[in-house]
Amino acid sequence: MIENVFNLVKDHPKAVFPLLASFASVNLHEFDMRPIVVDVSGESSSGKSGLLLLCSSVWGSPKE
């Protein structure tokens with residue numbers, strides 16, 4: 001994960017936060033805490049769909 005994903009986005013905080021939030025969802029469940037929602041918005045063609053694929057890659061292959 002670190003070499004394949006995090007090193008690619010570590011200099012882009014707008015991508016790091018949603019990625020870390022994807023990991024955090026497991027911890028929230030384990031501690032009986034309520035879920036959070038991270039809303040990403042922006043201009044067309046600004047990378048929102050790519051960011052969604054990045055965050056979903058935490059849980060497996062996003063294309064499958």
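Just so it is clear, the model here is predicted, and its values are computed rather than measured.
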Legend entry - For the student: nearest non-hydrogen atoms of Lys48 and Glu43, plus distance: NZ-O, 2.8 Å
Inset, instruction - Please round to the nearest 0.5 Å and tell me the distance separating atom CG of Leu19 and atom OG of Ser56. - result: 10.5 Å
Inset, instruction - Could you tell me whether a side-chain N or O of Ser22 sits under 3.5 Å from a main-chain N or O of Cys55, the two making a donor and an acceptor? - result: yes
Legend entry - Connected via hydrophobic side-chain network under 4.5 Å: Leu53 and Val58: no
Legend entry - Gap between atom CZ of Arg34 and atom NE2 of His29 - 0.5 Å precision: 14.5 Å
Inset, instruction - Kindly work out whether a path of hydrophobic side-chain contacts (I/L/V/M/F/W/Y, heavy atoms less than 4.5 Å apart) joins Val40 to Leu52. - result: no
Inset, instruction - Measure the spacing between OG of Ser25 and CD of Glu30 and express it to the nearest 0.5 Å. - result: 10.5 Å
Legend entry - For the student: nearest non-hydrogen atoms of Pro18 and Pro13, plus distance: CD-O, 4.5 Å
Legend entry - Shared hydrophobic cluster, Phe23 / Leu54 (ILVMFWY, side-chain heavy atoms < 4.5 Å): yes
